[in-house]
Amino acid sequence: MQQRVLCLLLLAGTMESIQENVSLALACTQAQEISRGPRPPYPSPGRELQLQCDVPGDPGPLEFLWTKEGSDVPLQINPDRILTLPPVGKNETGTYICTATSAWGSSVAKYSLEMIDLFRKVFVFPRASNDSYVILKPKPEQPLQNFTVCLRSYTDLPRPYALFSYATKAYDDEILLFKSSSREYRLYVGGEFVTFRVPETRMDWEHVCATWESATGIAELWVNGKPLPRKGLRKGYSVSTEAVIILGQEQDSFGGGFDLYNSFTGEMTDVYMWDHVLYDMQSIMWGGSFSRYIFGWNNLHYELVGDVFLKHRLLF
């Protein structure tokens with residue numbers, strides 16, 4: 001029997017908002033399983049999930065059998081190589097199997113769908129350090145002409161600290177959200193920054209959103225749902241996608257160069273990034289549902305490094 005390679009591809013389209021976080025793994029098989037990433041690598045909630053079997057070569061398979069591991073009932077069996085999943089929830093977790101059959105024989109590929117629930121959870125940064133942070137794994141698929149970054153933090157730090165650091169090989173501060181004092185935020189884009197002065201607030205959770213658009217160079221900061229005066233920054237610039245994204249540290253080099261005295265201590269949650277400019281920050285602040293983001297708290301793929309912990313939220 002001639003041996004053929006069977007691959008699973010991931011397609012994305014629009015569907016109703018998904019509240020759970022989706023973690024994806026994908027494989028092609030040819031005698032042994034070969035690890036391979038899905039496309040897009042981290043589909044966002046609010047998008048339809050489709051699995052597609054591809055078998056290179058001619059003649060192609062005549063029939064595709066879709067099953068779910070642990071069930072004897074076929075999900076689909078016909079010449080259609082695409083399986084469309086319903087809005088993803090906990091019932092959809094598990095391993096999906098595609099068996100492609102043709103005159104040449106059969107081949108099998110598997111796809112694992114897992115759920116990570118971050119509802120009412122926070123990242124806790126308990127101490128100042130230069131070795132503790134959160135790496136965010138999703139990245140934009142295309143260079144950014146616009147973006148919105150939002151997050152919520154809780155701290156009693158009197159000194160400067162970094163919240164969101166997006167570094168490329170060209171600029172360690174390609175995008176950086178930095179609180180330089182209790183009355184001042186800095187937003188960096190492509191190595192340059194603008195300063196936003198904020199009102200003095202009592203120690204509490206602080207929700208902040210930063211937006212930027214290349215066509216006008218307009219940068220804007222929203223604190224607790226209220227906009228500050230707009231500033232001009234890097235008009236015509238394009239943000240690279242070859243990035244390392246880190247929470248809680250300022251990168252002074254690509255993926256490193258952390259400074260103890262700029263590290264964040266406290267709690268952080270509700271981290272989102274979009275590839276377009278949003279304006280309804282009140283809805284975002286109070287948990288409104290927004291799709292088409294690069295990553296969000298409902299699908300955040302991350303790695304904790306050092307003394308950072310995922311805990312239940314206690315306040316607000």
Side-chain angles (χ1 to χ4, degrees), residues 122-140 144 147-198 201 203-212 219-224 228 231 233-234 239-240 242-273 294-295 297 300 302-310:
V122 297
F123 294 133
V124 178
F125 301 76
R127 64 178 181 86
S129 76
N130 60 2
D131 58 6
S132 299
Y133 50 94
V134 180
I135 299 177
L136 302 186
K137 296 185 177 182
K139 299 178 181 65
L144 293 174
F147 68 76
T148 300
V149 173
C150 294
L151 58 85
R152 197 185 307 266
S153 65
Y154 183 57
T155 182
D156 59 359
L157 277 177
R159 58 167 175 78
Y161 55 87
L163 289 165
F164 180 96
S165 175
Y166 180 115
T168 64
K169 292 181 179 179
Y171 295 104
D172 53 53
D173 44 14
E174 183 86 2
I175 302 173
L176 175 64
L177 183 58
F178 186 83
K179 194 162 189 184
S180 49
S181 75
S182 62
R183 300 290 302 274
E184 185 177 279
Y185 273 98
R186 289 182 181 179
L187 175 63
Y188 289 74
V189 176
E192 300 179 8
F193 74 90
V194 288
T195 299
F196 297 90
R197 297 196 176 278
V198 298
T201 58
M203 194 185 79
D204 202 348
W205 282 94
E206 190 164 84
H207 185 267
V208 59
C209 289
T211 71
W212 171 82
E220 191 165 3
L221 195 76
W222 300 65
V223 178
N224 293 331
L228 300 174
K231 304 291 179 73
L233 178 63
R234 275 296 208 171
V239 173
S240 173
E242 296 182 10
V244 176
I245 306 175
I246 285 177
L247 303 178
Q249 297 282 358
E250 178 188 2
Q251 300 177 72
D252 285 334
S253 60
F254 187 65
F258 306 132
D259 184 345
L260 172 74
Y261 297 103
N262 287 331
S263 65
F264 175 73
T265 65
E267 302 183 16
M268 192 182 302
T269 188
D270 297 342
V271 183
Y272 290 83
M273 185 177 190
I294 299 168
F295 55 78
W297 198 245
L300 198 67
Y302 62 89
E303 179 183 349
L304 302 180
V305 179
D307 287 338
V308 184
F309 305 93
L310 185 66

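In this text the structure is predicted, and so the values were computed from the model without any measurement. When a residue number appears, it is its place in the shown sequence, counting from 1.
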Side chains of [X] and [Y]: closer than 4.5 Å at any heavy-atom pair?
| X | Y | value |
| --- | --- | --- |
| M273 | L136 | no |
| D172 | S253 | no |
| I294 | L144 | yes |
| L163 | M268 | yes |
| P126 | F309 | yes |
| D131 | V305 | no |
| Y302 | V308 | no |

Heavy-atom pair with the smallest gap, counting every atom of [X] and [Y]:
| X | Y | answer |
| --- | --- | --- |
| L304 | L310 | CD1-N, 4.0 Å |
| A210 | L221 | CB-CD1, 3.9 Å |
| K231 | F196 | CG-CE2, 3.6 Å |

- [ ] Return yes if a side-chain donor-acceptor contact under 3.5 Å exists between E184 and T195, otherwise no.
- [x]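 Looking only at side-chain atoms, T195 and E184 do not form any donor-acceptor pair under 3.5 Å.
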
Check whether [X] reaches the backbone of [Y] with its side chain - one donor and one acceptor, N or O, closer than 3.5 Å.
| X | Y | value |
| --- | --- | --- |
| N262 | Y161 | no |
| Q249 | S129 | yes |
| R186 | L176 | no |
| R234 | E192 | no |
| W212 | V189 | no |
| S180 | P160 | no |
| Q251 | V244 | yes |
| S132 | D307 | yes |
| E303 | I135 | no |

Task: All pairs passing ring pair (Phe, Tyr, Trp, His ring centres under 6.0 Å) where residues 162-190 contributes a residue, at least two apart - done: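 The answer is Y188-F193.
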
From [X] atom [atom1] to [Y] atom [atom2], the distance as rounded to the nearest 0.5 Å:
| X | Y | atom1 | atom2 | value |
| --- | --- | --- | --- | --- |
| T168 | D173 | OG1 | CG | 8.5 Å |
| L233 | E220 | CG | CD | 13.0 Å |
| L177 | L187 | CG | CG | 6.5 Å |

Task: For E242, all residues meeting side chain to side chain contact (heavy atoms under 4.5 Å, CB included), sequence neighbours excluded - done: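 Scan of E242 (side chain to side chain contact (heavy atoms under 4.5 Å, CB included), adjacent residues dropped) gives S240.
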
Open item on the list: Which residue in the set F264, Y133, Y154, W297 passes ring-ring contact (aromatic ring centres under 6.0 Å, His included) when paired with F123?
Closed with: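 Testing F123 for a ring-ring contact (aromatic ring centres under 6.0 Å, His included) against F264, Y133, Y154, W297 leaves exactly one candidate, W297.
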
Task: Set of residues satisfying side chain to side chain donor-acceptor pair (under 3.5 Å) with respect to D270, sequence neighbours excluded - done: R152

- [ ] Please test T265 against T155 for side chain to side chain contact (heavy atoms under 4.5 Å, CB included), starting from the C-alpha separation and ending with a verdict.
- [x] CA-CA 7 Å; T265 65; T155 182; 4.3 Å; yes

Open item on the list: So for atom CZ, which belongs to R197, do other residues, nucleotides or ligands contribute more than 12 heavy atoms lying within a distance under 6.0 Å?
Closed with: no

